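Here's the structure, in structure tokens; my notes come after.
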Amino acid sequence: MPSETPLDRDVAALSEAEAAAEHAVIAARIAEADIRYHQEDAPTISDADYDALRRRLYAIEARFPALRSAVSTSVGAAPAGKFAKVRHVVPMLSLDNAFADQDVVDFVDRARRFLGLDAGQVLPFTAEPKIDGLSLSLRYEAGRLVTAATRGDGYEGENVTANARTIAEIPEILPAGVPEIVEIRGECYMGHADFAALNARMLEEGGKAFMNPRNAAAGSLRQLDAKITAVRPLKFFAYAWGEMSALPATTQMGMVEAFAAWGLPTNPRMVICTAVDEALAFYHALEEDRAGLGYDIDGVVYKVNELALQNRLGFVSRSPRWAIAHKFPAEQAFTVLEGIDIQVGRTGALTPVARLNPVTVGGVVVSNATLHNEDYIKGIGADGAPIRGGRDIRIGDTVIIQRAGDVIPQVVDIDLAKRPADAQPYVFPTVCPACGSHAVREEGEAVRRCTGGLICPAQAVERIRHFVSRLAFDIEGLGDENVQLFHEAGLIKSPVDIFHLHEKREAARVALAEYRERQSEERRQREGTEAKSKRKNEDRSFEGLEKLFRAIDERRSIPLDRFIYALGIRNVGEATAKALAKRYVGIDAFREAVARAIEGLPGEAWQTLTEIPRVGAGSRDKLIAAAGEFSGDLLGALDVEAALNRAGLNKPARDNLLAHFGDAVGVIRAAREAAGGQPGEAFRELASLGDVGEVAAISIADFFAEPHNEAVVSGLLAEVSVTDVARPATGGALAGKIMVFTGNLEKMTRSEAKATAERLGAKVAGSVSKKTDLVVAGPGAGSKLADATKFGVRVISEDEWLALLDEASR
Ligand SMILES: NC(=O)c1ccc[n+]([C@@H]2O[C@H](COP(=O)([O-])OP(=O)(O)OC[C@H]3O[C@@H](n4cnc5c(N)ncnc54)[C@H](O)[C@@H]3O)[C@@H](O)[C@H]2O)c1
Ligand SMILES: [Zn+2]
């Protein structure tokens, strides 16, 4: 609830003056909300907030009846001036609301008491979905539709006859034999799929999207120009009636069945209940099916089935005593966005989370909701097209929160009318809030990522796990569990700490002991017995720890490719790391090359051009060259077209560039800008290595340009010596040989086998050809083995391979 109304103060504690003051404020807010909702189809508070205001109003009036005013008994809002008015012979009233199951129990008890029923007598009532649309009254005279009217204030509605006639589901003529005067009432609504399609069309035509299906239905029906209504996909369910010259039935159910027989759409979920339990079961079952109905409902309506009993029960002020609306907890609510927090995920992704003024949605108090990503906040969808009609989200905005079922609550829209005058567009951080490293966003990616992988606490555990993984430092005894526990104990915060762990032997022992203690405690709890833990945590040796220290020491020397791979640079996998190591051989040469590449790092405009789909490096360079030669000013559109033609791009590249930058002027402007930020020679060289490429080169440069990472690399180099990668094809027992592994290897993994072969100078290929020198085939080998036979390539078993390795290492 917005803070202006202290709805939480106990009514019993209010003085008469306080009550009067609060009553006046609430009454004014209800009157205002009624006009926005019923007359303008543009609500400014949520239904739940509205209901809470009404409940509070009635609570105050119950204690101070003298405060009752027009609002207390009002229904809807007066007809809008733009429509002709229609007087309802039988008023169209509202319904009393039930929120908790107990309210329904009370309702039935009240009705039974009123009717003087004793325990043995049943009181059947109907239960049916409460459709979330707007009520519509259809008057037929001699079987012909003569007037259609909205509810208005219950006594006078708006004449929307021409509009209603355009609704396909509403019959113009009723079958012969119907009473002379028939007034059928029901709900005019719009289905989910139709609503989505209508909104897409509205946006495409440059119009405004509707907030929800109810507003869309109301806005479409209440059009001065019926031609507009005609193209809006409106539907109708009949469930009530007004003036009738004769009644076709004596029960609620019978009446609705008669309407169906006359050709009116009625809701298939309507049932008869004889006990409260049955009604509540219906309610909860419907709530579960709610999302799949295809149209919005906001609760269940119960009505006493016998019309004779309905007549005896009659009305209280604005609603019948024989019916009640049992509302579902709201799935959407308005609240104020108080701030945007940035969370950093395990892989460095920065995710914006809305900090909200707490609000109840779907029966749960929500104070955080997802904002998805940077573009979502700006009003841009995943496909680059506007969402929410292009409205961005700002701190201080009044936002709509949605929470359906178990889905994470999300911010779905904002109310522009309530935007504070000083609200600023949200600027997404370019620095990681967890570690201060810069955060970059790759073109074509929705997420921005922290580049401080090695020091970022949010990513630490993941990165350290990668650092010690098999293809990287391969430190035995430092599995996922140990990384986690040493990280939690503050002993390994970054990879450098691994090499200092032995200096903190005591602390490591304590951390390990505590971890074991926790583990066995958990086991005890799980198994439920004390006795089970036979070895009651006796002083177990810390042999494992000593072994770990030895394993770490063994890795104080590591080949360059493994070292590069271990750093966990984005887009740098095993193959890229190998290509780099092969090219630069030693760590110093590699770092120098990267430092030079950073100096020549291309500008953002160049990077953007690089990542537009179907625009390869060739097209990009052609375009930049053409833009460089182009001397005209960008306003001369003809020249611009000519310049673009001269560039000689292929069609897909050209189309995608035009789509991305809007028009030829935009393309040339972008190309000119890119020309100013072209990469230097060193960058181009880095990017041109096999298995590296421009994307990886940018990631490498970004990584080393981040001082935090440089610091960790220097720290590591003080602890480990990075060995040069032997130039291949010299000396190794398999120098220059092309090998293929196929089938299942049982004594070593595929990647191990591959690494060993490469260490001996072989090149490992993925498929067998005439050039293949050797195939190692395990069980289950298939087509590759067949190829080997076909080409006459030598094939050996895994055991023979191991023997060969033995020999080679002697
Ligand atoms: N957000 C706002 O600013 C705002 C303002 C005013 C009203 N409202 C919403 O409207 C409600 C009050 O409006 P109300 O006075 O129309 O009461 P109501 O919506 O609680 O109940 C009466 C209405 O229910 C509808 N209905 C749907 N299915 C029905 C069925 N099967 N049988 C009978 N009636 C059915 C009819 O149109 C009827 O007029 C509030 O509880 C709130 O949800 C919201
Ligand atoms: Zn970070």
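We count ligands from 1, going down the list as the structure has it; atoms in each ligand are counted the same way. Given the structure is predicted, the values throughout are model-derived calculations rather than measurements.
Under 4.0 Å from ligand 1, heavy atoms of Asp47 appear from its side chain as well as its backbone. In Ser135, the parts holding a heavy atom less than 4.0 Å from any atom of ligand 1 are both the side chain and the backbone. Under 4.0 angstrom from ligand 1, there are no non-hydrogen atoms of Ala323.
Computed with the Zn ion (ligand 2) at the centre, the Cys435 SG to Cys450 SG angle is 100°, stated to 10 degrees. Vertex the Zn ion (ligand 2); arms to Cys432 SG and Cys456 SG; angle rounded to 10 degrees, 120°.
Proximity annotation for atom 22 (C) of ligand 1: of Leu95, Asp132, Ile131, Leu95 comes nearest, heavy atoms only. For the residues Glu128, Lys130, Lys303, the heavy atom positioned nearest atom 32 (N) of ligand 1 is part of Lys303.
Geometrically, ligand 1 and Val301 share no nitrogen or oxygen pair separated by less than 3.5 Å.
For the side-chain contact (heavy atoms from CB on, under 4.5 Å) criterion with Ile340, the lone passing option out of Val427, Val411, Ile377 is Ile377. Ser137 pairs with exactly one of Glu243, Arg185, His88 by the side-chain hydrogen bond (donor to acceptor under 3.5 Å, both in side chains) rule, that one being Arg185.
Within the structure, ligand 1 lacks Gly133 among the residues with a heavy atom less than 4.0 angstrom away. Distances from ligand 1 to the non-hydrogen atoms of Met92 include no value under 4.0 Å. At least one heavy atom of Glu187 sits less than 4.0 Å from an atom of ligand 1.
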### Query
Does the side chain to side chain donor-acceptor pair (under 3.5 Å) test come out yes or no for Thr150 and Glu158, once each step is laid out?
CA-CA 5 Å; Thr150 64; Glu158 297 151 334; 2.9 Å; yes

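Residue contact check: Asn97 has heavy atoms under 4.0 Å from atoms 20 (O), 41 (O) of ligand 1. Distances below 4.0 Å separate heavy atoms of Asp51 from the following atoms of ligand 1: 40 (C), 41 (O), 42 (C), 43 (O). Close approach of ligand 1 to Asp34 is summarised as follows: ligand atoms under 4.0 Å from at least one heavy atom of the residue are 6 (C). Against a heavy-atom cut-off of under 4.0 Å, Ile45 is close to the following atoms of ligand 1: 1 (N), 2 (C), 3 (O). Against a heavy-atom cut-off of under 4.0 Å, Arg318 is close to the following atoms of ligand 1: 15 (O). In summary, the atoms of ligand 1 found under 4.0 Å from a heavy atom of His38, numbered by their order in the structure, are 6 (C), 7 (C).
Using a 4.0 Å cut-off between charged nitrogen and carboxylate oxygen, Arg54 and Asp34 count as a salt-bridge pair. The existence of a salt bridge linking Arg214 and Asp296 is excluded, since no basic side-chain nitrogen approaches an acidic carboxylate oxygen closer than 4.0 Å. Glu462 and Arg465 are joined by a salt bridge, as a carboxylate oxygen and a charged side-chain nitrogen come within less than 4.0 angstrom of each other.
By the 4.5 Å heavy-atom criterion applied to side chains, Leu136 and Ile170 are counted as neighbours.
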